Q: 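Handing you a structure now.
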Amino acid sequence: MKSTILKPILFSLMLASPIFSAGRSISMAAESVGEYVDDAKITASVKAKLTAEKAANFTNIGVETSNNVVSLTGEVDSKDQKEKAGKLAKQVNGVKRVDNKLQIKARG
C-alpha cells in the first residue's frame, strides 16, 4: 500500500523539477536582458557626456559597461584629462564604479 501512494508522489516531484528549472532560466534570462539594457544605456550616456566635454577631445575614448561598471580605454594627452574623463563617467546615473584604464600619450 505504501508503494502505491509513494509512486504518484515521486512521479509528481520528477515532473515538477524541470518546470521549476525552466522558470528559473526564464527569470535569469530576463534579468540578463535587463542588465544588458542598463549597461547599454550607461555606455551611451558616458559616451555622450565625454563627447560633450569641449575642453578636451574625448571622442576617441573607448567605453564599455558590464554590471554597471564602466571601463574607459584609449589615450589622452594628460593626467588631468584622464582624471576628468573618470569623473565625468562617475557622474552618470547607475554607474557603480569606473575602471579608468586610460593611458597618457607619450610626448615625443
Side-chain angles (χ1 to χ4, degrees):
M1 182 148 159
K2 286 184 183 181
S3 77
T4 55
I5 294 173
L6 287 177
K7 283 182 184 180
I9 292 172
L10 290 175
F11 184 71
S12 297
L13 289 174
M14 288 182 355
L15 288 178
S17 180
I19 293 169
F20 290 122
S21 294
R24 173 88 173 121
S25 295
I26 291 168
S27 172
M28 288 176 64
E31 185 175 306
S32 296
V33 169
E35 287 173 359
Y36 177 79
V37 170
D38 288 346
D39 287 345
K41 183 178 175 184
I42 289 171
T43 297
S45 296
V46 170
K47 286 182 178 182
K49 198 162 200 64
L50 292 172
T51 302
E53 179 61 33
K54 301 297 181 194
N57 183 11
F58 290 150
T59 57
N60 293 327
I61 293 176
V63 179
E64 291 185 20
T65 308
S66 180
N67 296 321
N68 297 30
V69 176
V70 174
S71 294
L72 302 177
T73 57
E75 291 186 332
V76 292
D77 293 329
S78 67
K79 182 180 176 184
D80 288 341
Q81 285 186 345
K82 178 178 178 174
E83 290 174 3
K84 178 70 172 178
K87 287 178 184 177
L88 289 171
K90 286 179 187 174
Q91 292 173 1
V92 171
N93 192 27
V95 172
K96 288 181 185 174
R97 188 177 80 241
V98 175
D99 288 338
N100 193 337
K101 299 174 186 176
L102 292 171
Q103 300 293 315
I104 299 167
K105 291 180 187 175
R107 303 204 189 256

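Predicted, not measured: the structure shown is a model, and the values here were computed from it. Just the heavy atoms: all of them, side chains too, but no hydrogens, waters or symmetry mates, feed the values below.
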Q: Does a side-chain heavy-atom distance below 4.5 Å link Phe58 with Thr51?
A: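 SC-SC contact between Phe58 and Thr51 ruled out.
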
Q: Under the side-chain contact (heavy atoms from CB on, under 4.5 Å) rule, what do Leu72 and Val46 come out as? Steps first, then yes or no, please.
A: CA-CA 10 Å; Leu72 302 177; Val46 170; 4.3 Å; yes

Q: Drop me the distance from Lys82's NZ to Gln103's CD, to the nearest 0.5 angstrom.
A: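 Here the interatomic distance stands at 6.0 Å.
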
Q: Has Asn60 got a side-chain atom pairing as donor or acceptor with Glu75's backbone, closer than 3.5 angstrom?
A: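 Side chain of Asn60 to backbone of Glu75, a donor-acceptor pair under 3.5 Å: no, none is there.
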
Q: Determine whether Ile42 and Val95 make a side-chain contact, defined as any pair of heavy atoms from C-beta on separated by less than 4.5 Å.
A: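 Contact flag for Ile42/Val95 side chains = yes.
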
Q: Measure the OG-NZ distance between Ser78 and Lys84 for me, rounded to the nearest 0.5 Å.
A: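 Ser78 OG to Lys84 NZ: 12.0 Å, rounded to 0.5 Å.
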
Q: Take Lys49 and Val92 through the side-chain contact (heavy atoms from CB on, under 4.5 Å) test and state the conclusion after the steps.
A: CA-CA 8 Å; Lys49 198 162 200 64; Val92 171; 3.9 Å; yes

Q: For Thr59 and Asn57, what are the C-alpha separation, side-chain angles and deciding distance, and is it a side chain to side chain donor-acceptor pair (under 3.5 Å)?
A: CA-CA 6 Å; Thr59 57; Asn57 183 11; 2.7 Å; yes

Q: Could you walk me through whether Lys41 and Asp39 pass the salt bridge (Lys or Arg N to Asp or Glu O under 4.0 Å) check?
A: CA-CA 5 Å; Lys41 183 178 175 184; Asp39 287 345; over 6 Å; no

Q: For the residue pair Asn67 and Asp38, establish whether any side-chain heavy-atom pair is separated by less than 4.5 Å.
A: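 SC-SC contact between Asn67 and Asp38 ruled out.
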
Q: Treating Lys105 as the side-chain partner and Asp77 as the backbone partner, does any N or O pair qualify as donor plus acceptor under 3.5 Å?
A: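 No; judged by distance alone, with no hydrogens or angles, the pair does not exist.
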
Q: So, do Thr73 and Ile61 sit near enough that their side-chain heavy atoms are less than 4.5 Å apart?
A: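 Answer no - side chains too far apart.
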
Q: Should we count CD of Glu53 as having more than 12 external heavy atoms under 6.0 Å?
A: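 Count over threshold, so yes.
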
Q: Verify side-chain contact (heavy atoms from CB on, under 4.5 Å) between Val69 and Asp99, making sure each step is shown before the conclusion.
A: CA-CA 7 Å; Val69 176; Asp99 288 338; 3.8 Å; yes

Q: Drop me the distance from Gln81's CD to Leu50's CG, to the nearest 0.5 angstrom.
A: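 Result: 11.0 Å between the selected atoms.
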
Q: Under the 3.5 angstrom rule, does the side chain of Thr65 hit a backbone N or O of Asn68 as a donor-acceptor pair?
A: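 Here the side-chain-to-backbone pair does not exist.
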
Q: Short question: side chain of Asn100, backbone of Leu102 - any donor-acceptor pair under 3.5 Å?
A: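 Pair found, side chain donor or acceptor close to backbone of Leu102.
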
